[in-house]
Undergrad: 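Submitted below is the structure of interest, expressed as structure tokens.
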There are 4 protein chains.
Amino acid sequence: MTPIRVTLWNEFVHERTNPAVARVYPEGIHGLLASVLRSHPELQIRTATLREPEHGLNEEVLAQTDVLTWWGHAAHDEVSDAVVARVHQRVLDGMGLIVLHSGHNSKVFRGLMGTSCHLCWREAGERERVWVVNPGHAIARGIGHFIGLENSEMYGEPFGIPTPDEQVFISWFEGGEVFRGGNCWTRGSGRIFYFSPGHEAYPIYHHPLIQRVLYNAVLWAQPQGTKSDVPRHVPVEEAREKITPRGPQMHDASGALTGGA
Amino acid sequence: MTPIRVTLWNEFVHERTNPAVARVYPEGIHGLLASVLRSHPELQIRTATLREPEHGLNEEVLAQTDVLTWWGHAAHDEVSDAVVARVHQRVLDGMGLIVLHSGHNSKVFRGLMGTSCHLCWREAGERERVWVVNPGHAIARGIGHFIGLENSEMYGEPFGIPTPDEQVFISWFEGGEVFRGGNCWTRGSGRIFYFSPGHEAYPIYHHPLIQRVLYNAVLWAQPQGTKSDVPRHVPVEEAREKITPRGPQMHDASGALTGGA
Amino acid sequence: MTPIRVTLWNEFVHERTNPAVARVYPEGIHGLLASVLRSHPELQIRTATLREPEHGLNEEVLAQTDVLTWWGHAAHDEVSDAVVARVHQRVLDGMGLIVLHSGHNSKVFRGLMGTSCHLCWREAGERERVWVVNPGHAIARGIGHFIGLENSEMYGEPFGIPTPDEQVFISWFEGGEVFRGGNCWTRGSGRIFYFSPGHEAYPIYHHPLIQRVLYNAVLWAQPQGTKSDVPRHVPVEEAREKITPRGPQMHDASGALTGGA
Amino acid sequence: MTPIRVTLWNEFVHERTNPAVARVYPEGIHGLLASVLRSHPELQIRTATLREPEHGLNEEVLAQTDVLTWWGHAAHDEVSDAVVARVHQRVLDGMGLIVLHSGHNSKVFRGLMGTSCHLCWREAGERERVWVVNPGHAIARGIGHFIGLENSEMYGEPFGIPTPDEQVFISWFEGGEVFRGGNCWTRGSGRIFYFSPGHEAYPIYHHPLIQRVLYNAVLWAQPQGTKSDVPRHVPVEEAREKITPRGPQMHDASGALTGGA
């Protein structure tokens, strides 16, 4: 079986600078996710982080990536526009993209959505319930009715996104808010999943059901067909159907336009 | 009645440099569209073009624009990124945007869509039929089954756009192609309509039914509600519902994190 | 100005049989809604109820209705299939439909959706917050961030509906649930809005912001274009483009097929 | 590997009554499709037809079907409402459904769509081009730019369907029409694909690319997650979050309502 090639991208700033975060994710968020997803033999996992050359996302790495996950928060602006454009193009060409938590504010996600991607937030370690609103969706397999999180950062509506193609999860927060936190889109030939749970200081990625969602999402996001076409001029000679000559010609012998119908 | 304030933006390059185009649109494409739309008393029309300072789209003009139309082809790259960002933000804040023909390749449209916006094309003065696929849509009012164009540029699929929220028109071309040429999206609080007919050298904007579509689209695209929210931090004190204190505290006295649930 | 003709349909069972409901809605839910909407001079209001002949929805009434609202709960099965089919057809022909609260289980709504329209529920007089997730939508005009209801019936996910074309509201409930409670669809030429708040025993329709939503929804749901086409056979003679005779004929003189391409 | 269980349903009327059709499909349309799909070892194929008891679609058959295909034309009304309801429910529970050609007018399809499913048509053996508008979609794998059909029945817009969740194909017809002929929806937990090519008298299902589309569609339509929930009352005792007692009670000791907030 051909493996699904997954690249886990992490900004990897908080874990190096904040001891409390380092205690939750001693190998970085990417390190934990890698160890979790490596338990699935059909996945081939690599990681990449901001401080590597080209943020670890050079042409070759991306060409060999079927699904990319993205976690960032403190350093969105440090991601180079060239890498952002490269990732963007690979998504349009068919690579799956899974955007995690504060990645909603990344250049990559905002560029693909075309909207503000703004939201409301509150850090109060409050309860969250991640409800399955679409139990037939592949990303909801094995989740049951909801995922309960004892301590979470609140993300609240209005969330500045295009209407999702498919809505998989909606979150409830103890303090009174709701949030569309599990959303699917297709852009070009690529599938995109945004999943909101996952603050750096709460051990949310240690939760088995959150890990199950990420695994499900990787399977869902893998390339489905062929990549989108490049723009293409179709010469008249290639038009299969004969185009009837008619009326005043549009071009004279010099190639200059000479008038309309 | 409060008028709908419409700004007609035109690159205005072909009309100045190509005599054949100038014969079709002696006052520029924007000039013709202005004279057409001024016949509707509820519309208040102004025009703006590329060569004006800030392309005629300074903050004040945009703040006073309910619906902006966009025609460009030869000079997409000359539109400044600052103006593109300003137009983009105004759309998210509620301004309607009508993108015409080769405007599919403009920075403004591509930024809002997040996709390639590529398509196939052929200039052969061939027949086009613009079919109404959604007769109940406001933009199709008064159009009947289709609009027949004797000479048109072919635009063909695949068109690199997100799935339209609403599909109003699909075009048939004599040479054998089809094209999703009348498409609606909402982004933020703004409505966007892309309409493909309208090549600079064919007198398509002189066609009464094409003019009717543009008028309908202006009515449809006007702002509907209030503008999207800016991002907002919600302090714990403002959470209406009491958040139950629990478990290990997330922060110690210094503000450093001290552990999760 | 042409008025918008609104018909408010109510099952009108609870108000007649349950004194507690009668105290909240002494003139019936339709009676209260009528008095509220009559304050808007551009609306022309009538009411109709289950026990009237043809449930008050004969051909003439429906032909003169631009927007129909639907409240039912105890007697969905008593609505005749003939009236359901008539309402369904009128929606496809362009009439707006606003389905309220327990109307999610009506034959009319389920037939238009094609899905179960099931949901979870709990009557505990708990707090509800109806969040605006789409502040630019016409139905959210004037609502602010959310509508707070002190006592409401819980409606919870998963809600068995097709993905809404537009999501306007999502509700939060004190007991831990979320619900897509303000949803838009277009079917044929008709606009449909489902709005979940509105239990018969809680005075929810007395709330000014709930009334504002209903008014906004009536404006939004009014017919936009022309009605959808009836099926139509297009004779060969009417095909504008000549169809090239080719290859082996498909039919011999007797009308029997004689071969393919 | 668990096989995908496919049931090919065919009305099987034309093939028995019209010799010309019988020459094109001597074993019935279902017979040809069965022989084509049996070449894929991961598929487990059975067929069912109108004249069998319960149309060959009893509870057991449907319970063992992952994907159902539907071809009907002359006898839509002979399909019993009980079987229609059973198929409908199985789709909502996760079974994939592929509706072929004139099946657009079947009770099953119309019930799931909630719309007229009307279209325009012309039988003139004219050329059709089935364009891929979404090359990244799984159903378009291996198809290239378009499928050319030398002789086809024209199906034309407006097609009375809800906006497809995904648009895969749009057809061009020699006589001047276009048609959304490859459309995806999700309803409940089930995926639905409508594919228009396939008239009984043209040998369209003998075309290798048409066969490829059907195979792709079967893979795409297989169940993705778990089935949708049945409606569920959630007792107050099961609400995880404490519901704050407040204000006037809604029920007195007898269970009768006693007032609102």
Side-chain angles (χ1 to χ4, degrees), chain A residues 18-21 23-24 88 92 111-116 118-127 149-151 154 156 158 160 162-163 165 174-177 185-188 201-203 228-236 239-244 246-247 249-250 256-261, chain B residues 18-21 23-24 88 92 111-116 118-127 149-151 154 156 158 160 162-163 165 174-177 185-188 201-203 228-236 238-241 243-244 246-247 249-250 256-261:
Chain A
N18 185 327
V21 175
R23 277 196 293 275
V24 181
H88 192 131
L92 300 184
L112 283 160
M113 296 292 103
T115 54
S116 73
H118 288 160
L119 46 78
C120 300
W121 74 98
R122 176 178 59 232
E123 284 185 279
E126 67 197 274
R127 281 187 186 138
L149 301 171
E150 275 303 297
N151 295 279
M154 185 281 284
T163 302
D165 296 341
E174 188 180 359
E177 280 84 3
W185 298 268
T186 297
R187 289 295 182 266
Y202 307 120
S228 283
D229 275 5
V230 293
R232 193 169 69 96
H233 179 255
V234 184
V236 175
R240 174 177 148 191
E241 304 300 323
K242 189 171 180 305
I243 297 168
T244 315
R246 72 173 63 92
Q249 289 302 307
M250 294 307 297
L257 287 163
T258 58
Chain B
N18 185 326
V21 175
R23 278 197 292 277
V24 182
H88 192 132
L92 300 184
L112 282 159
M113 296 291 105
T115 55
S116 73
H118 288 159
L119 47 77
C120 299
W121 74 97
R122 177 178 58 232
E123 284 185 278
E126 67 198 274
R127 281 187 185 138
L149 301 172
E150 275 304 297
N151 294 279
M154 185 280 286
T163 302
D165 296 341
E174 188 180 359
E177 280 84 4
W185 298 267
T186 298
R187 290 296 181 266
Y202 306 120
S228 283
D229 275 4
V230 293
R232 191 169 69 97
H233 179 256
V234 185
V236 176
E238 281 184 22
R240 173 179 146 191
E241 303 301 324
I243 296 168
T244 314
R246 71 174 64 91
Q249 290 301 309
M250 294 307 297
L257 286 164
T258 59

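Each chain gets a letter, A, B and so on, in the order its sequence line appears, and its residues count up from 1.
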Undergrad: Rounded to the nearest 0.5 Å, what separates atom NE2 in A:H88 from atom OG in B:S116?
TA: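 A:H88 atom NE2 to B:S116 atom OG measures 8.5 Å (nearest 0.5 Å).
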Undergrad: With side chains defined as the heavy atoms from C-beta onward, is the minimum distance between B:C120 and A:H233 less than 4.5 Å?
TA: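 In short, these two side chains do not touch, never coming nearer than 4.5 Å.
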Undergrad: Determine the minimum heavy-atom distance between A:R187 and B:M113, stating which atoms define it.
TA: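 That would be NE-O, 3.9 Å.
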Undergrad: For A:T186, check side-chain contact (heavy atoms from CB on, under 4.5 Å) against everything at least two apart and list the hits.
TA: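 Partners of A:T186 by the side-chain contact (heavy atoms from CB on, under 4.5 Å) criterion, ordered by chain and then number, come out as A:D165, A:R191, D:E166.
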Undergrad: Measure across B:E177 and A:V234 and return the closest heavy-atom pair with its distance rounded to 0.1 Å.
TA: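 Heavy atoms only, the tightest pair is OE2-CG1, 4.1 Å.
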